[in-house]
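Okay, structure first, notes after.
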Amino acid sequence: MMGRTEDKGENGMEYQPTGKALFLQLCDQLAQVKLVIHKEGSESVGFGLPEEWQTKTGVTNQLATVQYVGGSKKIANNEVTGITLRLYIKPWRALGLSDRLTVLAHSVGFAEKGGGTPYYDFIFEEGLESAATKVIIYDIFQLLHRTLLETFGAGYRTMPMAEIPVNIEALPC
């Protein structure tokens, strides 16, 4: 479903513009479900709940990470192996999403990983032009939106969407 792109073969997708567009789209989707940036790395961005929701729920851990796959050398050669959306299971479990997230992950062929800090990695090896990529992104973010709406109710509807800082567009650095 999310196999290698045909134009790059075993090398994966192009970093510019395909990989970068997908990376930014995933960051934007996380902001649209009102998650905020917790941590910026040289090739990744971590997202969590806004402070107000952390206080209400006790969930202070990072919930998601968007990351380039392939490392800086691949990026320098205008290649990436893919883009990963990692969803950490424990904080989503605390928000009541774990079971639904498991069903979604298994429906697209992903199993739980990462012993002490379990997570699902949704690895996109095709860009936004891929129908499979679009469907999986839609399914993931509809699930996150519905769950956060159920969890926070009217507070979710009135909370402003998180802003993605301009420096995120400059990643990797």
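Sequence positions, counted from 1, serve as the residue numbers for this chain.
- At least one side-chain heavy atom of Ile140 sits less than 4.5 Å from a side-chain heavy atom of Leu87.
- Here the side chains of Leu26 and Phe141 are in contact, with some heavy-atom distance below 4.5 Å.
- Summarising the geometry, atom CG belonging to Leu35 is positioned 7.0 Å from atom CG belonging to Leu144; distances are rounded to the nearest 0.5 Å.
- Contact of the Ile137 side chain with the Phe124 side chain is registered, since non-hydrogen atoms from C-beta on lie closer than 4.5 Å.
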Handout entry: Residue pair Tyr156, His145: steps toward the side-chain contact (heavy atoms from CB on, under 4.5 Å) verdict
Key = CA-CA 9 Å; Tyr156 179 78; His145 171 75; 3.1 Å; yes
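- Minimum interatomic distance between Glu14 and Pro17 (heavy atoms only, all atoms of both residues): OE1-CD, 3.9 Å.
- Atoms OG1 and OH, from Thr117 and Tyr88 in turn, are 8.0 Å apart once rounded to the nearest 0.5 Å.
- Hydrophobic clustering (side-chain heavy atoms under 4.5 Å, transitive across Ile, Leu, Val, Met, Phe, Trp, Tyr) groups Val33 together with Leu24.
- Side-chain atoms of Leu63 and Trp92, non-hydrogen and from C-beta on, do get closer than 4.5 Å to each other.
- Closest approach of Leu22 to Glu126, counting heavy atoms only: CD2-O, 3.5 Å.
- Formation of a donor-acceptor pair under 3.5 Å by the Asn61 side chain with backbone atoms of Pro91 is not found in this model.
- The aromatic rings of Trp53 and Phe152 sit parallel to each other, their planes meeting at less than 30°, with 60° as the upper class boundary.
- One distance of note links OG of Ser42 with CD of Gln67; it measures 8.5 Å at 0.5 Å rounding.
- Between the NZ atom of Lys134 and the CG atom of Leu128 there is a distance of 7.5 Å, given to the nearest 0.5 Å.
- For the atom pair Leu49 CG and Leu95 CG, the distance stands at 5.5 Å (nearest 0.5 Å).
- Proximity of Pro118 to Lys113: side-chain heavy atoms (C-beta onward) are nowhere separated by under 4.5 Å.
- The two residues Leu85 and Ala64 have their closest heavy-atom pair at CD1-CB, 4.4 Å.
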Practice task
Apply side-chain contact (heavy atoms from CB on, under 4.5 Å) to Glu129 and Thr18, showing your working.
Solution key: CA-CA 9 Å; Glu129 68 282 352; Thr18 310; 4.0 Å; yes
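- Put simply, CG on Asp28 and CZ on Phe23 are 12.0 Å apart, with the number rounded to the nearest 0.5 Å.
- Checked by atom type and distance alone, the side chain of Lys90 pairs as donor or acceptor with a backbone atom of Gly116 at under 3.5 Å.
- Annotation: side chain of Val69 is not in contact with side chain of Val80 (no heavy-atom distance under 4.5 Å).
- Between Glu52 and Lys56 there is a salt bridge, with a side-chain nitrogen of the basic residue lying less than 4.0 Å from a carboxylate oxygen of the acidic one.
- Under the 4.5 Å side-chain heavy-atom criterion for grouping Ile, Leu, Val, Met, Phe, Trp and Tyr, Leu148 is connected to Leu143 within one hydrophobic cluster.
- No donor-acceptor pair closer than 3.5 Å links the side chain of Ser44 to the backbone N or O of Glu40.
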Exercise for the section: Could you go through the side-chain contact (heavy atoms from CB on, under 4.5 Å) check for Ile89 and Tyr120 one step at a time? Expected result: CA-CA 7 Å; Ile89 296 171; Tyr120 291 112; 3.5 Å; yes
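- Looking at Gln62, its side chain never comes within 3.5 Å of a backbone N or O of Lys39 through a donor-acceptor pair.
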Exercise for the section: Check the pair Val66 / Phe47 against side-chain contact (heavy atoms from CB on, under 4.5 Å), numbers first and verdict last. Expected result: CA-CA 8 Å; Val66 179; Phe47 289 82; 4.3 Å; yes
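- Follow the hydrophobic side-chain contacts under 4.5 Å out from Met159 and you reach Leu149 in the same cluster.
- Linking Ile, Leu, Val, Met, Phe, Trp and Tyr residues whenever their side-chain heavy atoms come within less than 4.5 Å leaves Tyr119 and Val59 in two separate clusters.
- Annotation: side chain of Thr65 is not in contact with side chain of Val45 (no heavy-atom distance under 4.5 Å).
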